[in-house]
Amino acid sequence: MRRRGRFVLGCAVITVLFGVALPRLTADHDPRAFHPQGSPLVALTRHAEKVFGADDQTALVAVLDPGLFTRDGIGRLDKLTRALDGLDGVERVLSLINLPDISGDSDTLDVTPRLTEVLTGGDDAALAAARRDLLADELVGGVLLSRDGDATLIQIEVLEAWSAPKKRAELHDRIEALLAASAAPGVEFLLGGFPMVRVEYSRELLGETGRLLGLTALGLVILVGVMLRSVRGALITVGVVLVANVWTHGAMALAGEPLTILSMLTPIIVLIVGVADAVHVLLAFRREPGTREERAIRAAESIGPAGFLTSVTTAVGFLTLLTADDVRMLRVFGVTTAVGVLAAWLVTMLLVPPLLASRRVGFDRDRRGDVKAPEAPDTRLGARIVARPVRALVLASIVIAAASFLASRISTDAKILDGLRNNHPIMRTYHALEERFGGSLPLQVVYDAPSGDGVADPALLAHIAKTAEWLRAQPGVGQVRSPDALAGRLHTALSGEAGLPATADALSELYLTASFGDRDPFEGLVNTTDGVARIQTLLYERGSTETLALTDRLQAFLDANPLPGATIGLAGTAYIAPRAWARLLDDMVWSSVWAVLLITALFAVLFRSVTLALLTIPPNLVPLVFVLAAMAALGIPVKGNNAVVFSIAYGVAVDDTIYFLAHLRHLWKGGVPWKDAVVRAHAEMTKPLVTTTVVLGLGFSVFLLSTFEFSVTLGLQMLVCVVAGAIAELWLMPALLALWAPRREGRATTSARRSTHG
């Protein structure tokens, strides 16, 4: 304490060093980061990406124009297509303007832009005829042209070299500028596709993190200031924990680790949990007698060890996310938040006691010199519970049973592509694209052709045609792109015969002829070099349960219709995501189990009692039951990205238990009989527990203002968790300890007296 100036100066220097790195902190959103990196589940998708290229490099521009098939509408589309095709970072552009029209005879194949004649002087009748032909074409209607004919899609393939976040953002802004320059009355442009949505998500992540952190800090300053009746005390607690956030996120910036949809929550969680712990130090400072320096020392000595233990248990809850099956996003979130919580404790113990001891800070100015011991707290509630523990447990069991029944009705169905609220501009664009252009979730049926004729095997093409026909008949299936439809059209153009080529030679010749054009029409569907073909389809977003059922039916169809020598498998987000969510949910369950086991073991070691450690489990599991009950009541399903709370909530819930047992242990070692010690510890902990519960509750309720559904759900979950945890701590913990006491009373009291009398 005598060197407090050095501690403060050292922390200031470290904070400046990390603060300089903060502007380098970026954000990125990749939904695939929820998928296990080494899982066989994604192996076929990676294989398809290697052969055909990544589907997530396609940006989309939807043109909503009631006058699309007029001279002005086609002219606008032509001008926009050319401008987009000339942008740096764009590999190629496909729209109605350059959509290939296939014609020819047995000797030549002519592939020219489909609307060439219309662009070079077609009249209104020609435009109307072109519109009818395009809508009737299964390769165009509902794919590049909406079923009502009033909207069209421009597909922009982005160069792989422009997949980096900064390059992607640069291209996004240039496309938006082009769309703004192309504005016309009654015409609307929607910018979508994975690379563009990723840019908008990333920007939303950074903005959201700043907004929520600012609101949380302001709310906590006001709340702590009112509860402590000291603005200085509030500024000390919030300011010190913000320093820990600078350390944590400065380190992330130096490591080049971006914020994600999960780690954006880290600074707010660290702030909330850290302030709650710092409040304990301030309350201890106020109730200790002596001079300012003596009170600061005693507060640090009494709260420091318990605060360290609460930080460790909270960190353990987050670190159990490392048990998730190689999901990098979860691992980074778990590690950074654990480090942030521990950093908050360290900074609190380094800065708060010296600041409290300093008269310059002026906290608690009304208490100068010696401070009398505070009046004894009210012990009536604790005494009643300890006197009738069975009654208290029976009443609690009835409430818990009702909550458990409600929790059992919770569902696990979830939207695969959610995250933002439905009224957010990004989500409105996503839903509009899905509605007008046939689905949004990519699904692939990938064929590794048998040896011999390879992809030129007519039997393989016939199987693809049969599978594509089955898919088109299924509810929930939107666009279906398959090489059989294109092969039939090309075969007719070349030979004049309807149907598919009947021989391998004819099919090989067809693929070879098609490859001579400026754009191979089979690109993305057939790769003759690797002997791989695929069907591409988009499913409508109807929830993971229905999507999983559809892909299971498709797999059953493929199993019932084998193709000798060929390997057929499913790939794409629509196949991976529901299974990844289910697997991730299992991982989160086991992470929760590990959190309980590790924290219980930690209790057993520190308090030297397995029984006492086991008694801490029920009060801290109760909050999780009530979280599930609240989710069931509000119709919120459990899914991979909100199940993370069950790993971390237990670590947060046990904080109150630690402070309770720390007080109890101190009293018991001082010779106070067990039940009396339980009553007094309960009374002494009530005010700090209520105070920190209010702090935590208000802090987590800020998440309810988020634009991200995940953040809103987490805020609700943690709000229920801390409130239910406080009630369980005040009601269940003393009742359980009272029941346990008779078997240990004699030995415990004797031991305590011996230690007291030497």
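Every heavy atom of this structure was used, including side-chain atoms; hydrogens, water molecules and symmetry mates were not. Keep in mind it's a predicted model, so treat the numbers as computed, not measured.
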Legend entry - Among R331, H249, M252, the one residue meeting side-chain contact (heavy atoms from CB on, under 4.5 Å) with T336: M252
Inset, instruction - Mind jotting down which residue pairs meet the ring-ring contact (aromatic ring centres under 6.0 Å, His included) criterion with at least one end in residues 611-632? Sequence neighbours excluded, please. - result: none
Inset, instruction - May I ask you to test the V720-F700 pair for a side-chain heavy-atom distance under 4.5 Å? - result: no
Legend entry - Basic-acidic side-chain contact under 4.0 Å: K167, E160: no
Inset, instruction - Please examine the side chains of M349 and I303, heavy atoms only from C-beta on, and report whether any two atoms are closer than 4.5 Å. - result: no
Legend entry - Nearest heavy atoms of S711 and S706, plus distance in Å: CB-OG, 3.2 Å
Inset, instruction - Please examine the side chains of T310 and T657, heavy atoms only from C-beta on, and report whether any two atoms are closer than 4.5 Å. - result: no
Legend entry - Residue pair F333 / I269, side-chain heavy-atom distance below 4.5 Å: yes
Inset, instruction - Would you mind checking if E208 and R211 are paired as a salt bridge, meaning a charged N to carboxylate O distance below 4.0 Å? - result: yes
Legend entry - Within-4.5 Å side-chain heavy-atom neighbours: L213 and N245: yes
Inset, instruction - Compare all side-chain heavy atoms of T209 with those of P267 and state whether any distance is below 4.5 angstrom. - result: yes
Legend entry - Audit row: L661, M733, side chain to side chain contact (heavy atoms under 4.5 Å, CB included) steps and yes/no: CA-CA 10 Å; L661 294 181; M733 200 67 207; 4.3 Å; yes
Inset, instruction - Please lay out, stage by stage, how S263 and T266 fare under the test side chain to side chain donor-acceptor pair (under 3.5 Å). - result: CA-CA 5 Å; S263 60; T266 296; 5.4 Å; no
Inset, instruction - Check the side chains of S440 and Y430 for a donor-acceptor pair under 3.5 angstrom, ignoring hydrogens and angles. - result: yes
Legend entry - Side chains of R579 and T551, donor plus acceptor under 3.5 Å: yes
Inset, instruction - Could you check L634 against L716 for side chain to side chain contact (heavy atoms under 4.5 Å, CB included), going step by step and ending with a plain yes or no? - result: CA-CA 10 Å; L634 296 174; L716 175 65; 3.2 Å; yes
